[in-house]
Amino acid sequence: MNKVQLADYYPLMKETLDQGGTFSLTITGTSMFPFIVGNRDKVTLSPITGELKKNDLPLYRRSNGAFVLHRIVKVNKDGTYTCCGDHQWQLEKGLKREQMIGIATEYIRKGKHLTNKNLIYKFYRMTWTWVLKYRWVFFSAHRRFCALRNKIRK
């Protein structure tokens, strides 16, 4: 399978979202694990019509041109956003509204369709943001568990 860079699709994606349409894409990378698994799961982006809120999942473009899909963990008083991937604990601060491209509203996860209205997903995103300070403990324990499991299997 050939991979296409998101930058190649950006003009089409922007035009589609600007006209009120939606844009679906397969996610790559590991920063949104465990919710989104790279090269398996898909998201549908919708236009940002109102104010972004804590727990929203926008696609934004960093000043270096990289496209990032990370969760908003804080809306700052100056109108900027602090975001973090679900598989990370390092915060990305000072993101501006004009960097935001679209917001994830639908997901194909493990072949199943979810929306932001799904109660289990609402609980997950609220809880996962709430435990942000302690994620490193979870990831460290998970890494050790996997290493032990792999040792036992050998």
Side-chain angles (χ1 to χ4, degrees), residues 1-133 135-136 138-139 142-143 146:
M1 179 191 331
N2 291 337
K3 288 188 180 182
V4 178
Q5 296 298 316
L6 191 53
D8 296 337
Y9 278 108
Y10 179 64
L12 175 62
M13 179 174 48
K14 181 165 176 29
E15 180 181 343
T16 301
L17 292 171
D18 286 349
Q19 292 177 3
T22 61
F23 195 90
S24 296
L25 58 133
T26 300
I27 299 302
T28 60
T30 60
S31 68
M32 287 305 294
F33 180 83
F35 178 61
I36 296 172
V37 175
N39 300 314
R40 181 193 75 185
D41 298 334
K42 298 178 183 182
V43 300
T44 298
L45 299 173
S46 296
I48 301 170
T49 57
E51 293 298 317
L52 290 168
K53 303 178 293 301
K54 183 177 179 178
N55 298 319
D56 283 345
L57 190 55
L59 177 72
Y60 58 92
R61 197 164 193 184
R62 289 181 175 148
S63 56
N64 68 3
F67 292 91
V68 181
L69 183 77
H70 282 172
R71 195 170 308 284
I72 294 175
V73 295
K74 184 177 181 184
V75 178
N76 303 302
K77 291 179 183 178
D78 64 358
T80 63
Y81 304 97
T82 300
C83 291
C84 187
D86 286 359
H87 196 222
Q88 300 175 329
W89 57 89
Q90 297 283 333
L91 302 178
E92 189 167 0
K93 299 177 181 182
L95 296 163
K96 298 178 175 133
R97 175 68 169 82
E98 54 268 17
Q99 291 176 265
M100 304 298 163
I101 297 165
I103 184 168
T105 54
E106 296 182 36
Y107 316 87
I108 303 293
R109 184 176 185 271
K110 295 182 185 177
K112 296 183 180 172
H113 182 261
L114 291 171
T115 69
N116 287 340
K117 295 179 182 180
N118 179 285
L119 291 177
I120 293 171
Y121 174 58
K122 281 183 174 185
F123 178 75
Y124 164 83
R125 67 186 194 174
M126 180 186 69
T127 303
W128 206 239
T129 302
W130 182 67
V131 299
L132 177 62
K133 293 179 185 176
R135 285 184 193 172
W136 67 273
F138 170 78
F139 293 132
H142 182 261
R143 196 170 33 257
C146 289

(request) Side-chain contact test, heavy atoms from C-beta onward, threshold under 4.5 Å: evaluate it for Leu59 versus Leu6 and give yes or no. (result) yes

(message) Within this structure, what is the OG1-CD1 distance for the pair Thr26 and Ile36, rounded to the nearest 0.5 Å?
(response) 11.0 Å

(request) Supply the atom-to-atom distance Phe138 CZ to Trp128 CH2, rounded to the nearest 0.5 angstrom. (result) 4.5 Å

(request) Please name all residues satisfying side-chain contact (heavy atoms from CB on, under 4.5 Å) with Lys93, sequence neighbours left out, ordered by chain then number. (result) Thr82, Leu91

(request) Check whether any side-chain N or O of Thr127 sits under 3.5 Å from a backbone N or O of Phe123 as a donor-acceptor pair, and report yes or no. (result) yes

(request) Count the heavy atoms of every other residue, nucleotide or ligand shown that sit under 6.0 Å from CG of Leu12, and state whether that count exceeds 12. (result) yes

(request) Please list all pairs passing the salt bridge (Lys or Arg N to Asp or Glu O under 4.0 Å) test where one or both residues lie in residues 63-78, with sequence neighbours left out. (result) Arg71-Asp86

(message) Rounded at 0.5 Å granularity, tell me how far CG in Leu114 sits from CD1 in Ile108.
(response) 8.0 Å

(request) With Ile103 as reference, evaluate Leu52, Leu45, Leu17 under the side chain to side chain contact (heavy atoms under 4.5 Å, CB included) test and give the passing residue. (result) Leu52

(request) Quick one: list whatever passes side-chain hydrogen bond (donor to acceptor under 3.5 Å, both in side chains) with Thr129, sequence neighbours left out. (result) Asn55

(request) Please name all residues satisfying side-chain contact (heavy atoms from CB on, under 4.5 Å) with Thr115, sequence neighbours left out, ordered by chain then number. (result) Glu106, His113, Lys117

(message) Taking side-chain hydrogen bond (donor to acceptor under 3.5 Å, both in side chains) as the definition, give me every residue that meets it alongside Gln99, ordered by chain and number, with sequence neighbours left out.
(response) none

(request) Mark yes when over 12 heavy atoms from residues, nucleotides or ligands other than Glu98 sit less than 6.0 Å from its CD; otherwise mark no. (result) yes

(message) Holding to side-chain contact (heavy atoms from CB on, under 4.5 Å), I want the full list of residues that pass it with His70, two or more places apart in sequence or in another chain.
(response) Ser31, Met32, Tyr60, Arg62, Val68, Cys83, Gln88, Glu92

(request) Test Ser46 against every option in Thr105, Asn116, Thr22 by the side chain to side chain donor-acceptor pair (under 3.5 Å) rule and name the one that passes. (result) Thr105

(request) Any salt bridge (Lys or Arg N to Asp or Glu O under 4.0 Å) involving residues 19-28? Give me the pairs, sequence neighbours left out, ordered by first then second residue. (result) none

(request) Only counting residues at least two apart or in another chain, list the ones meeting side-chain hydrogen bond (donor to acceptor under 3.5 Å, both in side chains) with Asn64. (result) none

(message) Looking at every non-hydrogen atom in both residues, tell me the closest pair between Arg97 and Ile48 and how far apart they are.
(response) NH2-CG2, 3.1 Å

(message) Under the ring pair (Phe, Tyr, Trp, His ring centres under 6.0 Å) definition, can you give me all pairs with a residue in residues 10-52, not counting sequence neighbours?
(response) Tyr10-Phe67, Phe33-His87, Phe35-Tyr107, Phe35-Tyr121, Phe35-Tyr124

(message) For a quick test of reading the model, state the closest non-hydrogen atom pair linking Pro47 to Gly21 and the distance between them.
(response) CD-O, 3.3 Å

(message) Tell me which pairs pass salt bridge (Lys or Arg N to Asp or Glu O under 4.0 Å) where either residue lies in residues 7-29, with sequence neighbours left out.
(response) Lys14-Asp18

(message) Is any side-chain heavy atom of Lys53 closer than 4.5 Å to one of Ile72?
(response) no

(message) Could you check whether any side-chain N or O of Asp56 sits under 3.5 Å from a backbone N or O of Pro58, counting only pairs where one atom can act as donor and the other as acceptor?
(response) no

